[in-house]
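Quick notes on the structure that follows.
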Number of protein chains: 2
Amino acid sequence: MSAEITARPKVRPGKRTNDPEGLRKRVLDVAEASFQARGYHASSLGDLMAAAGVTGGALHHHFPTKKALALAVIEERVAAAVEETWIAPLQAAGSAREGVRSVFEAVATELEQQGFVRGCPLNNLAHELSLADPDFRAALAAIFSAWREAIADKIRADQQAGREQDTDPQRFAALAAATYSGAMSMAKTAQDSGVLRDCLNALEQGASPASSSKGGAIAKRRRRVLLRQHRVV
Amino acid sequence: MSAEITARPKVRPGKRTNDPEGLRKRVLDVAEASFQARGYHASSLGDLMAAAGVTGGALHHHFPTKKALALAVIEERVAAAVEETWIAPLQAAGSAREGVRSVFEAVATELEQQGFVRGCPLNNLAHELSLADPDFRAALAAIFSAWREAIADKIRADQQAGREQDTDPQRFAALAAATYSGAMSMAKTAQDSGVLRDCLNALEQGASPASSSKGGAIAKRRRRVLLRQHRVV
DNA sequence: GACAAAACAGGACAACCGGTCTGTTTTAGA
DNA sequence: TCTAAAACAGACCGGTTGTCCTGTTTTGTC
């Protein structure tokens, strides 16, 4: 989830060192951060070039159009972020519900630490670009699909171990992904990560097959409003 | 939810009829539709003027800046859409869960009929504008807040009638709103409204206090991919 | 070292955007 | 009817955007 921005190597005039992969990585780093923070349309190539320390010619060489750049960000960076944040931890968890829970809590904790909610990269771009271009939509839909499939697969693994017999994998996956997406959306707008924990608690209270009867005393949730400033690029 | 686009009155040169409210409404109609379909940054004032049949002078007279126009769309149209689509039906329902269910189904049915998923107006603008401007963020957060509060209030009403004793109103509201937002997000990206029904089913299967034990045979959901084209303005 | 391709530099440009400005027409009130 | 404000028309402008183009430098290969 954290993008390590690589610094531009200082170069004195007359001496130049070609570094295609490094330059490409630098551009993608900057583009990923800016697309997330300001969105696609609000990010100008001029700003990205300045932030990455890259000339127009170099940028055009690696990414012929702005659309190509965004497509690369989606397919390489956004997909990787979902993989890293969601899919890998989920697969490593003891069960699907446990995995979902740990992801929610990890993200909530991270947001509280950094004091600012930038939102889910996938959802941010999906809302802005899904209807704008078929290629964008297809790329984003594929990531959503892989995400949900990973959750469903984990439920199926649970089922093969004798658990979750009454759970429909696809439906559970849809609910988990939707809840996360929506919670991040509200957390971003309210700049308050507490919604994530609210949703997680509600999800676990109602969704766990044996927890329905022992409610009663509900721990008062804590609300933490995030106030710290942020600045990107 | 449906925006009735008012046609521009034909005017022969030399004769003009002032219609401040009508013109304002026409501009808001077009802006609401375009902001939802293409987003804020991708909607140019020139396009909006042409679509609404309005000159620059007239537009500037009613909305000094583009931001002012967007703020009006948010505060008047988006808030009204949430009220109409969610809050009113919810308050009219027999219970909170019943209300949530009926809203989900109504929206899913509507999407299937129109054959295209444009997404939730609130979420669409929230993602693009929440981080762009504090005024935008505040206006959008207020709508989210009112939405969740209405759901929580309905739970509280249920509780006063002796039901939902184990349900935390705030958490339930957060979960319902988040699930809807996230489901609409995925439905928009996939152009498939089936996710809404998946989420609703998962929500009801797990969240209803007495339904946990009687699962077993789960009805196979139907998936319907939407293919029809759309064109706005 | 020759050479072609890749990598990069940097300017140019046309289209477009949002906002402003001046001027005209309509409308309401006295 | 007179008048002032509101409502509207339409041209205009500075700045920005994404893209393209022509060169120059570096790099791998024979």
Side-chain angles (χ1 to χ4, degrees), chain A residues 6-28 30-31 34-35 38-73 128-129 132-133 135-136 233, chain B residues 6-28 30-31 34-35 38-73 128-129 132-133 135-136 233:
Chain A
T6 52
R8 186 206 185 171
K10 281 296 170 205
V11 49
R12 55 188 156 284
K15 277 293 179 190
R16 201 186 77 196
T17 312
N18 286 1
D19 182 19
E21 287 136 22
L23 188 145
R24 193 185 132 93
K25 176 184 184 323
R26 240 181 305 146
V27 171
L28 284 177
V30 168
S34 184
F35 286 168
R38 313 180 198 177
Y40 173 79
H41 287 101
S43 299
S44 79
L45 292 181
D47 293 344
L48 298 184
M49 282 163 46
V54 164
T55 63
L59 177 62
H60 181 263
H61 179 72
H62 289 274
F63 306 100
T65 64
K66 191 182 182 184
K67 172 179 170 178
L69 172 58
L71 228 36
V73 167
E128 190 179 2
L129 300 180
D133 187 288
D135 296 326
F136 285 147
V233 177
Chain B
T6 52
R8 184 205 187 171
K10 282 296 169 202
V11 50
R12 54 189 158 284
K15 279 291 179 194
R16 201 185 78 196
T17 312
N18 285 1
D19 181 20
E21 286 136 21
L23 188 143
R24 192 187 132 94
K25 176 186 183 323
R26 238 182 306 146
V27 171
L28 284 178
V30 168
S34 184
F35 286 168
R38 311 179 198 177
Y40 174 79
H41 287 101
S43 299
S44 81
L45 292 181
D47 292 343
L48 298 183
M49 282 162 46
V54 164
T55 63
L59 177 62
H60 179 261
H61 179 73
H62 290 274
F63 306 100
T65 63
K66 191 182 182 184
K67 172 179 171 176
L69 173 58
L71 229 35
V73 167
E128 189 179 2
L129 300 180
D133 187 288
D135 295 327
F136 284 148
V233 176

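Here is the naming used below: chain letters follow the sequence lines, and residue numbers restart at 1 for every chain.
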- [ ] Kindly point out which of dC8(D), dT27(C), dC8(C) is positioned nearest to the side chain of Asp19(A)?
- [x] dC8(C)

Dump every N/O contact between nucleotides 15-19 of chain D and the protein below 3.5 Å, one line per pair.
from    : atom 1 : to       : atom 2 : distance (Å)
dT17(D) : OP1    : Ser44(A) : OG     : 3.4
dG18(D) : OP1    : Lys66(A) : NZ     : 2.6
dG18(D) : OP2    : Leu45(A) : N      : 2.7
dT19(D) : OP2    : Lys66(A) : N      : 2.9

TODO: Report yes if the side chains of Thr17(B) and Asp19(B) come closer than 4.5 Å at any heavy-atom pair, otherwise no.
DONE: no

Open item on the list: Is the phosphate of dA7(D) approached by His61(B) (side-chain N or O, under 4.0 Å from OP1 or OP2)?
Closed with: yes

Open item on the list: Using modelled atom types and a 3.5 Å cut-off, is there a donor and acceptor pairing between side-chain atoms of Ser43(A) and backbone atoms of Ser34(A)?
Closed with: yes

Open item on the list: Checking contacts here: which listed nucleotide (dC8(C), dC8(D), dA7(C)) is nearest the side-chain heavy atoms of His62(B)?
Closed with: dC8(D)

Task: Rounded distance (Å) that lies between atom P of dA6(C) and atom CZ of Arg24(A) - done: 16 Å

Task: Interatomic distance, Leu23(B) CG vs dC8(D) P [rounded to whole Å] - done: 5 Å

TODO: Look at the side chain of Thr17(A) and decide which nucleotide, out of dC8(D), dT27(D), dT27(C), has an atom nearest to it.
DONE: dT27(D)

- [ ] To the nearest Å, give me how far apart CZ (Arg26(B)) and C1' (dA7(D)) are.
- [x] 12 Å

Open item on the list: What I'd like to find out is whether the side chain of Leu48(B) reaches to under 4.5 Å of the side chain of Leu59(B), using heavy atoms alone.
Closed with: no

- [ ] Find the distance Asn18(B):CG to dA7(D):P and express it as a whole number of Å.
- [x] 8 Å

TODO: Taking all heavy atoms of His60(B) and all of Pro64(B), pick out the closest pair and write down the distance.
DONE: CD2-O, 3.2 Å

TODO: Starting at OG1 of Thr55(A), measure out to CG of Leu23(A) and round the result to the nearest 0.5 Å.
DONE: 7.5 Å

TODO: Assess whether one donor atom and one acceptor atom, taken from the side chain of Arg16(A) and the base of dT26(D), lie less than 3.5 Å apart.
DONE: no

Task: Contacts of type side-chain hydrogen bond (donor to acceptor under 3.5 Å, both in side chains), residue His41(A), not counting sequence neighbours - done: Glu128(A)

